Amino acid sequence: MSAALEVRKLTRRFGDFVAVNEASFEVRRGEILGFIGPNGAGKTTTMRVCATLDLPDEGDVLIDGVSVMERPREVRQRLGFMPDSYGAYVHTTITEYLDFFARSYGLRGKDRARMLAYVKDFTGLGPLEGKLMTALSKGMKQRLCLAKTLLHDPALLILDEPAAGLDPHARVELRELVKALAGLGKAVMISSHILSELSQICTSVAVIEAGEIRASGTVEQVVRMARTHHQQVFLRALAPLEEVQKCLFESPGVEAVRPEKDGVVFDFAGEEDDLARLLRRLVERGLAPVEFAPKATNLEDVFLELTAGRVQ
Amino acid sequence: MTISEPIARETAGPAQRLSDLLNPILVKEVRQSLRGRYFKVSFWVTLTIATLVGLAVLLFTYNEAQDMGLDTFGAPFFIAMLSCLVLATQVLVPFSAFLSMGSEWDENTYDLLVLSNLRPRQIVLGKVLSAFVQALLFYAAFGPFLVFAFLLRGLDIVAIFTVLGMSTVASLLLSSVAVAMSSFGRGRFVRLLLMVVLAVLLVWTSFGTVFAGAGLTFSPTELYRPETQQAIGATLSIAFAVALFFFAAACARLAHPEENRSTGLRLMTLVVIAIGLGWMTWIMGAHFEDEPALASVCLAHAVLAATTLFFVTEPERLGRRVTSGLPRFRLLRLLEAPFLPGGGRGLLFFLVGSALVNAWAYLYPLIAVHELHYDKHEVLVPPAVTLYGLIYLGVPSALFSLHSDSVVARTVARVVTLCAFFAGLLLPALFGFLFGLEQWARFRHPLHVFLAVEDVWEGRGRVGGVWPFLIVGGAVALALNTPRLWRALREVLARPTTPREEG
């Protein structure tokens with residue numbers, strides 16, 4: 001089965017400025033891809049190209065196997081895009097707004113009425129249907145935009161900073177909606193600065209910095225990759241602290257050692273085999289390690305590890 | 001029902017089926033505008049003004065009827081109502097269309113329109129039709145006033161319907177122009193400038209409609225003269241063609257810069273010229289006359305040059321989406337080349353368009369009166385205007401073509417071309433004045449297009465050096481443009497493989 005979204009060596013330039021440079025990754029149905037990177041990394045540009053709002057200078061993006069370059073209208077029927085910022089139509093109620101997009105996507109007659117009822121129910125907008133768009137809160141506007149992206153039942157959803165500006169309650173609701181959509185077999189690509197939010201819903205991650213993809217794959221793959229760069233390990237041993245610290249400093253791959261609680265925490269660069277060798281070395285030296293635990297790596301750690309915060 | 005389940009097909013009622021056929025933008029815009037303050041205020045204010053003006057006209061004509069030699073009040077009352085109606089439908093309504101299009105950028109909703117999967121032409125058409133619906137509401141509201149005017153007697157029913165029909169068409173066409181103008185500029189200053197230009201245009205055409213309406217109302221017999229009918233027909237069809245051109249321009253502006261924004265406009269340019277020349281052919285019929293024909297050739301070249309100014313300054317390379325849509329056969333691609341985007345192909349378009357116009361100029365007399373009909377000077381007018389176009393468009397655009405990817409360079413190229421044209425008129429005269437060249441000081445120099453063409457036409461020889469200038473200038477323009485013309489054709493013929501084809 002082809003990927004719902006396949007980005008192939010995508011390059012986008014603005015004059016001499018390379019906003020995205022040969023980016024490649026993919027998202028499959030039922031998968032939620034977290035697209036993370038610092039400000040100005042090229043996230044929105046990539047998403048806009050995927051959503052047919054912009055065109056690549058080189059490379060291509062395939063949505064369900066259809067090229068954004070060659071058949072943009074067909075692509076738009078297969079994807080729902082929620083931009084990071086968008087305006088509201090004045091003098092337009094929620095129902096009229098959704099009705100407009102349903103008509104635009106070619107939904108006719110009772111099909112349209114049923115779909116409108118369904119998305120309003122799905123996003124919890126039913127009780128507000130007669131309310132003017134301009135009177136909605138930020139959270140409700142985000143729900144409305146999500147409802148709009150669902151009207152034509154797209155296979156892929158691209159959500160650019162959907163949680164920005166939302167209160168914690170609205171964020172939790174949005175998270176549940178996204179999970180529910182992935183459960184329905186949709187592919188979701190989502191960018192956010194709130195990495196703790198993403199870590200709870202993403203099944204895969206692509207990290208972009210300065211227009212280049214630093215890492216992509218399942219969350220486990222990327223975390224493992226980040227660990228090979230750098231990871232923190234907590235060690236508690238029965239031997240005196242000084243001896244433990246001395247041994248660690250002499251060991252390859254250990255970069256920084258600092259005391260913490262009853263033991264030490266050290267930064268380690270290397271594969272898991274190297275870590276096992278280190279543990280054996282500690283035992284052989286008679287330091288009697290009783291706790292040797294690589295600290296859990298979350299998306300925030302991965303992000304900090306893989307990006308240097310460079311902006312273009 | 002889950003979102004991914006297929007939706008059951010149910011039979012919709014006739015009203016719903018009719019509603020489904022409507023342009024989505026039309027539905028949205030009508031809903032918005034009828035709820036908005038602009039329409040409500042303009043509607044009630046116009047009706048109030050119409051009522052007051054109607055009363056004033058009735059009182060005035062009742063008191064002054066004898067002095068004015070009027071025995072009925074229908075005509076003055078109708079003109080008063082027409083003025084108010086025209087104000088609403090030809091000024092306020094197109095202006096609301098302008099604001100509506102502009103709001104898509106001001107309110108940051110344009111991306112939503114693109115994502116809605118509507119084609120640019122659906123968006124523009126929806127905006128224009130929405131303005132037309134508003135205009136129809138004004139006509140409906142003015143219905144009682146117009147019936148009352150007819151009951152006051154003194155009105156010809158055919159004249160009334162002709163005037164109202166013309167006003168309705170004018171409203172539709174002006175709305176199309178307003179939407180197009182609104183799409184031309186997204187910066188606030190440019191929009192303000194466009195707004196002023198549009199306001200002047202709307203007021204000017206409104207006066208034109210009212211004066212034409214007054215003429216037909218007071219002299220309805222004019223309507224039955226063939227000349228009047230031809231003039232109305234010609235005016236309407238040319239206005240329609242121009243509005244279509246603006247429509248195509250608006251569609252082009254809404255498309256992404258990498259998409260084909262040029263072919264529609266190039267075709268519409270030829271359509272406008274074809275309609276104009278078609279009217280000339282129909283009016284002259286078998287009675288070919290050389291002067292109107294040559295004047296039409298000059299006017300057609302002016303229209304061609306005005307639009308080509310934008311085509312010759314387009315970025316030279318084809319957008320990727322345009323490239324991927326080129327025909328498979330090389331011959332078709334070659335035939336399509338003058339209509340594809342790109343500065344070099346823009347110059348090619350000018351040469352093809354000019355050749356077509358000149359072909360009309362030579363073939364028409366041959367077919368109509370079986371002889372060329374022009375004297376030995378007149379026969380040189382078409383190639384002369386072609387060469388002037390080639391020089392004035394070809395030289396500046398060739399010089400800027402290396403930087404055509406830059407928006408600034410393109411704008412500068414257009415301004416320089418325009419300035420070169422006017423400098424060509426003035427600077428040699430100034431030079432002649434300073435250095436005692438009497439002919440040049442009196443504007444009789446080859447860079448003065450108007451006097452030079454007139455001189456060629458009449459064969460007086462008062463402007464010296466026209467043909468040497470045209471031959472040398474044309475050769476220089478061709479020499480400067482040959483590389484980019486070659487690249488333009490080669491790019492089209494050597495269609496690169498798309499990423500899909502690469503696998």
Side-chain angles (χ1 to χ4, degrees), chain A residues 8-9 15 48 51-60 62 67-70 72-73 76-77 79-81 83 85-93 96-97 99-115 118-119 122 132 145 148-150 152-153 155 181 184-186, chain B residues 1-13 15-17 19-29 31-37 103-119 122-123 256-259 319-321 323-325 405-406 498-502:
Chain A
R8 285 183 184 175
K9 293 189 170 181
R48 283 177 65 82
T52 74
L53 291 174
D54 203 352
L55 282 170
D57 291 302
E58 283 161 36
D60 203 355
L62 306 182
S67 160
V68 297
M69 286 295 303
E70 292 169 30
R73 286 176 57 76
R76 282 178 209 134
Q77 285 291 354
L79 75 84
F81 178 52
S85 71
Y86 52 91
Y89 288 126
V90 291
H91 311 304
T92 303
T93 65
E96 287 167 353
Y97 179 79
D99 179 69
F100 163 64
F101 282 100
R103 282 172 187 272
S104 306
Y105 286 121
L107 289 172
R108 302 276 177 255
K110 289 187 178 171
D111 288 348
R112 188 171 69 242
R114 286 165 64 108
M115 201 53 169
Y118 179 73
V119 295
F122 185 80
L132 288 175
C145 197
K148 181 219 74 163
T149 62
L150 296 175
H152 54 303
D153 198 11
L181 288 166
L184 291 171
K186 296 192 181 303
Chain B
M1 183 178 94
T2 71
I3 202 161
S4 294
E5 282 174 11
I7 303 162
R9 295 274 151 198
E10 292 182 34
T11 318
Q16 202 159 40
R17 280 204 298 273
S19 160
D20 288 341
L21 294 176
L22 296 175
N23 180 313
I25 296 278
L26 169 67
V27 177
K28 175 183 84 71
E29 292 283 323
R31 279 174 176 161
Q32 277 184 287
S33 59
L34 294 188
R35 204 174 277 148
R37 199 184 301 161
S103 71
E104 300 294 351
W105 287 285
D106 294 344
E107 309 286 340
N108 193 18
T109 51
Y110 180 66
D111 281 352
L112 296 179
L113 280 187
V114 176
L115 292 169
S116 72
N117 218 7
L118 293 169
R119 292 173 194 276
Q122 285 176 292
I123 297 170
H256 190 277
E258 284 285 311
E259 291 184 10
R320 289 185 70 195
R321 206 169 271 168
T323 311
S324 66
D405 278 337
S406 151
T498 62
R500 294 276 293 156
E501 287 166 344
E502 286 165 1

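Since the model is a prediction, treat every value here as computed from it, not as a measurement. We name chains A, B, ... by the order of the sequence lines, and we start the count at 1 in each one.
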| note | When the 4.5 angstrom heavy-atom criterion is applied to A/Lys148 and chain B, the contacting part is side chain
| message | So for B/Arg119, is it side chain, backbone, both, or neither that comes closer than 4.5 Å to the heavy atoms of chain A? | response | both
| message | Given heavy-atom pairs under 4.5 angstrom as the criterion, report whether the side chain, backbone, both or neither of A/Ala155 touches chain B. | response | neither
| request: For residues A/His91 and B/Arg37, report the shortest heavy-atom separation together with the two atoms involved. | output: NE2-N, 4.3 Å
| said: To the nearest 0.5 Å, what is the distance between OG1 on A/Thr92 and CD on B/Glu29? | reply: 8.5 Å
| Between OG on residue B/Ser116 and OH on residue A/Tyr105, distance to nearest 0.5 Å | 6.5 Å
| note | Scored by heavy-atom pairs under 4.5 Å with chain B, the best of A/Pro56, A/Ala51, A/Gly15 is A/Pro56
| To the nearest 0.5 Å, how far apart are CG in B/Leu118 and CZ in A/Arg103? | 11.5 Å
| remark: Comparing A/Pro83, A/Gly80, A/Ala88 against chain B, the one with the most heavy-atom pairs below 4.5 Å turns out to be A/Ala88
| remark: Those residues at least two apart in sequence (or on a different chain) that pass side chain to side chain donor-acceptor pair (under 3.5 Å) with B/Lys28 are B/Gln32
| field | Atom group of B/Ser19 that falls short of 4.5 Å from chain A, counting heavy atoms | value | both
| request: Answer with side chain, backbone, both or neither: which region of A/Asp54 has an atom nearer than 4.5 Å to a non-hydrogen atom of chain B? | output: both
| remark: So CD1 of B/Ile25 and CZ of A/Phe100: to nearest 0.5 Å the spacing works out to 4.0 Å
| said: So which residue, B/Asn23, B/Asn117, B/Leu22, B/Asp106, ends up with the most heavy-atom pairs under 4.5 Å with chain A? | reply: B/Asn117
| field | CG on B/Leu115 to CZ on A/Arg76, rounded to 0.5 Å | value | 7.0 Å
| Results of ring-ring contact (aromatic ring centres under 6.0 Å, His included) for A/Phe101 - residues two or more places apart only | A/Tyr97
| message | With a 3.5 Å distance limit and no angle check, can you tell me whether B/Arg321 reaches the backbone of A/Glu70 through a side-chain donor-acceptor pair? | response | no
| note | When the 4.5 angstrom heavy-atom criterion is applied to A/Thr149 and chain B, the contacting part is neither
| task | Determine, step by step, whether B/Arg320 and A/Asp57 satisfy the side-chain contact (heavy atoms from CB on, under 4.5 Å) criterion, reporting the C-alpha distance in whole Å, the side-chain angles of both residues, the deciding distance to 0.1 Å, and the verdict. | result | CA-CA 8 Å; B/Arg320 289 185 70 195; A/Asp57 291 302; 5.8 Å; no
| query | Looking at B/Arg31 and A/Asp99, does any basic side-chain N land under 4.0 Å from a carboxylate oxygen? | reply | yes
| request: Examine whether an atom of B/Leu21 lies under 4.5 Å from a heavy atom of chain A, and if so say whether it belongs to the side chain, the backbone or both; otherwise answer neither. | output: neither
| message | Between A/Arg112 and B/Asp20, is the salt bridge (charged side-chain N to carboxylate O under 4.0 Å, His left out) condition met? List the steps. | response | CA-CA 10 Å; A/Arg112 188 171 69 242; B/Asp20 288 341; 2.7 Å; yes
| said: Quick check on B/Val114 against chain A: is it the side chain, the backbone, both or neither that has a heavy atom closer than 4.5 Å? | reply: both
